[in-house]
Amino acid sequence: MGRCFAPSQAYPPGRCLMARPYIPHEIEPKWQERWEKDGIHHADVDPNKPKHYALTMFPYPSGDLHIGHWYAMVPSDARARFMRMRGYNVLFPMGFDAFGLPAENAAIRRGIHPKVWTYQNIERMRKQLRSMGAMFDWRREVVTCDPEYYRWNQYWFIQMYKHGLAYRKLAPVDWCPRCNTTLAREQVIGEERVCERCGTPVIKRNLEQWFLKITAYAEELKDFSHLDWPEKVINAQRQWIGDRSEGANVVFRTEQGHPIEIFTTRPDTLWGATFMVLAPEHPLLDEIVPESHQKQVDEYRHRAARLSDIERTAEEREKTGVFTGAYAINPVNGERIPIWIADYVLMTYGTGAIMAVPAHDQRDFEFAKKYGLEIRPVIFPLDEDGNPIPLDPATMTEAYEGPGVMVNSGPLTGTRIVKAKGWDDPGIMKVIEWLEAQGIGERAYQYRLRDWLISRQRYWGTPIPMVYCEKCGWNPVPEDQLPVTLPDDEHVQWKPTGESPLTYHPTWKHTTCPVCGGPAVRETDTMDTFIDSSWYHLAYLQLGTLEKEPFDKKEYEYWFPVDTYTGGAEHATMHLLYVRFFHKALRDMGFVDGPEPMIQLRCQGVVLGEPRPGDFVVVEGEWTQKPTAMTARRIRVVRASQEIRHLPREQWGEFRVEDGAIWGEVYFRDEHLVHVRVNPYRPDEGDKGEHAQLVVVTVMPETQVEIPGKPDAGHMELTYHLGVEKMSKSKFNVVEPGPLVDQYGADTVRAYLMFFARWEKGGPWDSRGIEGVARWLRRVWNLVHESAEAPRREDADPDKVRQLRYHVHSTLKKVTHDLENFDFNTAVAALMELMNALGNLKKDLMGTAAWDEALDVYLRMLAPIAPHMAEELWTEVLGKPYSVHQQAWPEVDEEAARAPEFTLVIQVNGKVRARIQVPVDITEEEAKRLALEHPAVQRRLDGREPKRVIYVPGKLVNIVV
RNA sequence: GGGCACGUGGCGGAACUGGUAGACGCGCGGGACUUAGGAUCCCGUGCCGCAAGGCGUGAGGGUUCGAGUCCCUCCGUGCCCA
């Protein structure tokens with residue numbers, strides 16, 4: 001019988017067995033509409049069912065859904081579906097993280113309003129998301145740039161402000177002195193740190209900004225005991241938060257009386273402080289530097305402002321600094337000590353000022369040696385008998401940072417310092433108590449974690465709901481006046497100023513003081529967009545409007561917390577930390593409860609671009625510099641290098657220079673040049689590219705370019721060599737899901753994304769591999785169609801039935817286990833394997849009851865992975881009750897899943913010598929007997945007695961000679 | 001410089017608590033069916049060897065009856081932090 005290409009509508013039952021081809025775009029939109037219409041993905045509170053809140057990170061609406069979005073969301077969807085089939089009431093919502101910079105940049109560059117740009121993108125991405133066939137409950141969608149959403153950002157902020165968790169403080173920002181504006185971090189370009197627009201070196205400048213007190217939760221955030229999160233993420237957070245350093249805050253004063261607070265872990269060395277060091281951007285410098293030193297201070301500040309924090313604090317770097325001409329008074333002994341500035345002190349770290357004790361701190365020691373500052377030991381180490389060993393500053397080669405006894409320390413002289421670290425050192429504690437009694441210092445601690453700076457000098461974000469009045473200072477906007485909405489009239493100007501357009505708006509910022517009713521101005525900065533994603537998991541818990549409440553209390557009580565959260569690990573120290581902080585802050589303010597917002601976290605890997613070879617070309621032309629540069633007369637693509645590489649080596653051809661022509665692979669190309677690599681790349685011979693010889697070929701306007709199949713091609717169409725790299729538009733290695741879905745259908749793309757790599761690992765995309773998955777699904781499609789037409793039969797061979805049921809139930813067991821554990825690739829592999837087994841058994845069993853069971857189980861297992869095909873085959877082809885997605889996950893028949901026999905491995909001295917099939921219930925004696933009798937063993941035993949015989953039930957017998 | 005991962009065929013990857021290395025798929029080789037095929041189906045495919053057999057999880061060492069898996073040293077790659 002020939003192949004029958006009847007279109008599906010004309011598919012006549014009972015004829016043409018393999019007739020109906022699998023055409024995904026005929027079934028996928030159909031089911032998507034039906035599911036939508038029937039609301040089968042709606043998740044509603046149902047106290048009679050166990051709940052499962054599955055959440056996957058919502059996308060930024062950048063324009064188009066990337067393959068990375070699919071990679072993150074599709075397996076999450078498959079697992080949510082799996083959980084639903086297992087009897088859970090599953091909530092799987094979706095929304096858009098819609099505030100952010102790209103929208104504003106589009107406004108600046110193209111004059112399109114960020115709101116218009118964003119909502120257009122959302123519209124497009126909604127459609128694309130639907131094409132995935134995921135079970136999102138769209139009724140709960142949230143869009144963070146919607147005033148109904150961001151009013152709650154403002155509400156939370158005000159609550160935190162009222163609870164002392166939000167405060168305002170001076171902090172440095174990057175500043176372009178030429179454009180006279182602040183710059184976002186991404187606007188500062190390269191190692192030279194220049195302004196992206198004018199190329200002027202960027203400096204740091206202080207600005208009043210809002211902070212959230214995440215450090216108040218540092219200790220609790222380091223407790224991960226309630227979380228089932230990847231070790232990698234936990235480690236990153238732990239390291240990010242850092243250890244608590246315990247010490248004291250001590251207030252020094254300048255000669256003029258300005259307070260300078262410092263933090264130290266070694267208050268016991270206070271009497272050895274011989275100078276102070278301030279960060280170059282410390283605001284006090286504007287007041288205390290005398291005229292005589294102004295110039296050198298300014299110069300130094302200017303230089304320091306250009307370095308990154310990492311460069312400034314690198315340990316190996318030599319410390320630099322200058323004297324400010326000002327002096328401070330050491331509060332413990334009234335001594336006058338010089339104030340220096342040095343770039344290794346950061347404004348963002350601690351208070352931006354340190355006391356320097358060169359005798360007992362290595363960095364201070366090096367600094368003092370370099371600039372000839374006094375080194376005064378105030379801790380002497382002790383010898384074995386407990387007698388102090390005096391330190392002589394003249395002969396010290398490094399700071400003494402260890403324990404000992406305090407000397408030259410006024411009333412505390414003689415105090416023992418045991419550990420030289422932390423509050424459990426009684427000596428240090430004694431010093432702190434003394435400082436507290438004197439009113440010059442107090443216990444304090446610090447973490448590596450800094451408070452969360454949320455101010456952004458940008459338009460497209462949540463306005464910070466604070467108002468400043470000359471008389472009353474900063475006050476929150478009254479809650480009944482929320483939301484403070486962004487103005488979007490014609491007065492908003494999209495100037496690339498780096499400051500929020502809100503500042504320049506003629507009327508927006510002017511308001512009245514909520515306290516005195518007098519004139520006041522609004523905060524014109526907006527919030528960091530990470531605020532938006534810090535509580536969106538709560539916002540999904542509503543069916544109506546967010547107008548009255550941030551989430552529905554009943555919904556909250558049922559659904560919260562998130563059971564499974566999926567997304568990228570790159571958010572480890574940002575979003576994933578902020579969301580935990582937010583939860584804890586909200587909990588302490590009485591809005592939510594429980595230790596953590598997201599119990600289980602799983603992170604997908606990254607889909608990298610496909611490695612690809614460059615075109616193989618023959619270039620004819622004239623050498624301009626033999627043998628490294630030539631001008632091309634003619635460039636001809638000869639064969640894909642992929643093919644070349646498979647040729648035997650002797651056919652590869654060699655580098656030819658004598659006749660003005662070269663043959664090689666394109667490694668790079670731009671408008672004027674093509675780089676051709678003339679020694680063929682031979683990875684299979686260990687060639688890592690070290691013998692590469694590149695010829696730079698200049699392309700002239702009149703150069704002929706011949707690419708087979710492309711008549712009018714120019715040299716810009718030559719493809720060039722690309723290894724495994726992140727996908728990026730400029731490298732042309734971006735895989736777009738749209739065309740893939742058009743070609744293969746969403747189910748195939750879904751299945752391939754689950755199959756091609758371990759989900760948590762990711763890896764390079766391989767466009768050929770998808771064919772294998774497509775073939776598998778087509779085979780399933782054909783098999784089920786064939787089965788539907790097959791005549792019934794009762795003559796099943798019991799042995800074959802046993803085999804079939806073994807395959808079905810052992811696969812079911814594996815797939816269940818794998819989906820549970822996010823091992824999507826092996827789940828798909830198991831289904832492929834079962835498909836192969838079904839293919840082998842079909843002639844014996846198709847049409848029997850056992851066969852029906854097999855297909856039934858198969859389609860249920862397929863449903864989470866290829867939802868459209870499973871539905872079509874289940875409902876339409878087999879005529880089972882709609883919908884397959886509302887069916888229960890099948891139960892494993894443990895009896896059937898057990899193989900009747902297994903392969904017993906027989907080893908001699910740990911090396912495999914034979915394998916025999918034995919029944920599963922074989923006894924130890926029997927197994928050992930069979931092993932010892934085996935000829936392969938006898939031959940090696942050669943009459944000797946085995947020293948030992950090891951038996952591992954169900955596995956092997958190892959005979960030790 | 002520190003921390004954390006990882007290193008398996010030509011390729012992507014399997015291998016649960018140490019127990020048959022290479023499941024599944026790609027690619028490749030052969031065959032069938034076709035006017036033809038890049039469609040479909042079947043067979044083969046870690047390496048060496050005609051075979052018996054030997055060798056194989058980055059390199060070297062160790063623990064063990066037995067190591068891809070555990071321990072040590074080194075090399076390489078990736079990510080995070082400084």
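A, B, ... follow the sequence lines: proteins, then strands. Residue 1 opens every chain.
- With C1' as the reference atom, B/G9 and B/C26 are 13 Å apart, rounded to whole Å.
- Distances shown here put a side-chain N or O of A/Arg448 below 4.0 Å from the OP1 or OP2 atom of B/A82.
- Here, B/A15 and B/A21 have their C1' atoms 7 Å apart, quoted to the whole Å.
- Electrostatic pairing of A/Glu894 and A/Arg898 does not count as a salt bridge here, judged by no charged N lying under 4.0 Å from a carboxylate O.
- Ring centroid separation for the pair A/Tyr752 and A/Trp765 comes in under the 6.0 Å cut-off.
- Using a 4.0 Å heavy-atom cutoff across all strands shown, A/Trp240 reaches sugar-phosphate atoms only and no base atom.
- Comparing A/Arg778 and A/Glu833 by the nucleotide of RNA chain B that holds the closest heavy atom to each, the one mapping nearer the 5' end is A/Glu833.
- One interatomic measurement links the two molecules: CZ of A/Phe755 to C1' of B/C26, which rounds to 9 Å at whole-angstrom precision.
- In this structure, A/Gly242 reaches neither bases nor backbone, as no heavy-atom distance under 4.0 Å exists between it and the strands shown.
- Side-chain atoms of A/Arg779 and A/Asn836 form a donor-acceptor pair, as typed in the model, at a separation below 3.5 Å.
- OP1 or OP2 of B/U40 has at least one side-chain nitrogen or oxygen of A/Arg775 nearer than 4.0 Å.
- Looking at A/Trp240, its side chain never comes within 3.5 Å of a backbone N or O of A/Ala572 through a donor-acceptor pair.
- Remark: the separation of the C1' atoms in B/C11 and B/G27 is 7 Å, to the nearest Å.
- The same atom, C1', is picked in B/G18 and in B/G3; the two are 28 Å apart, to the nearest Å.
- Side-chain polar atoms of A/Thr573 and A/Gln237 form no donor-acceptor pair below 3.5 angstrom.
- The residue A/Lys955 sits close to a base: some heavy atom pair falls under 4.0 Å.
- Across all strands shown, A/Val905 has heavy atoms under 4.0 Å from base atoms, whether or not it also approaches the sugar-phosphate.
- Note on A/Asn825: a side-chain N or O is less than 4.0 Å away from OP1 or OP2 of B/A14.
- Minimum atom distance to the side chain of A/Gln239 is reached by B/G3, of the listed B/G25, B/G3, B/U20.
- When ring centroids are compared, A/Phe756 and A/Tyr71 come within the 6.0 Å threshold.
- When heavy atoms are screened at a 4.0 angstrom cut-off, A/Gln907 is found touching base atoms of the nucleic acid.
- Residue contacts shown for A/Arg913 are limited to sugar-phosphate atoms, with no base heavy atom under 4.0 Å away.
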Evaluate the salt bridge (charged side-chain N to carboxylate O under 4.0 Å, His left out) criterion for residues A/Glu933 and A/Arg929: first the C-alpha distance (whole Å), next the side-chain angles of each, then the deciding distance (0.1 Å), finally the verdict.
-> CA-CA 6 Å; A/Glu933 279 172 2; A/Arg929 190 180 60 77; 3.0 Å; yes
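- When the nucleotides B/U40, B/G25, B/U20 are ranked by their closest atom to the side chain of A/Arg915, B/U20 comes out on top.
- For an aromatic pair to be called close, the ring centres must be under 6.0 Å apart, and A/Trp452 with A/Tyr578 satisfies this.
- Between A/Trp889 and A/Phe82, the ring planes lie perpendicular to each other; the angle is over 60°, past the 30° to 60° tilted range.
- Residue contacts shown for A/Lys761 are limited to sugar-phosphate atoms, with no base heavy atom under 4.0 Å away.
- Look at the C1' atom in both B/A36 and B/G22: the space between them is 37 Å, to the nearest Å.
- Annotation: B/U73 and B/A5 have their P atoms spaced 15 Å apart (nearest Å).
- When each of A/Arg758 and A/Gly772 is assigned the nucleotide of RNA chain B bearing its nearest heavy atom, the one mapping closer to the 5' terminus is A/Arg758.
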Go ahead and write out RNA chain B as dot-bracket, 5' to 3': ( ) for pairs within the strand, [ ] for ones crossing earlier pairs, | when the partner sits on another strand, dots for unpaired; Watson-Crick or G-U wobble, both distances under 3.5 Å.
-> (((((((..(((......[....)))((((((.......))))))(((....)))..(((((..]....)))))))))))).
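- Applying the 90° criterion around 0 to the glycosidic angle, B/G9 comes out syn.
- For the C1' atoms, the distance linking B/A14 with B/G25 amounts to 11 Å, nearest Å.
- Residue A/Asn958 is classed as a base contact, given a heavy-atom separation below 4.0 Å to a base.
- Base engagement by A/Val952 is indicated by at least one non-hydrogen atom pair under 4.0 Å involving a base atom.
- The nucleotide whose nearest atom lies closest to any side-chain atom of A/Thr573 is, among B/G27, B/C81, B/A21, B/C81.
- Using atom C1' as the reference point in both B/C50 and B/G12, the two lie 34 Å apart (nearest Å).
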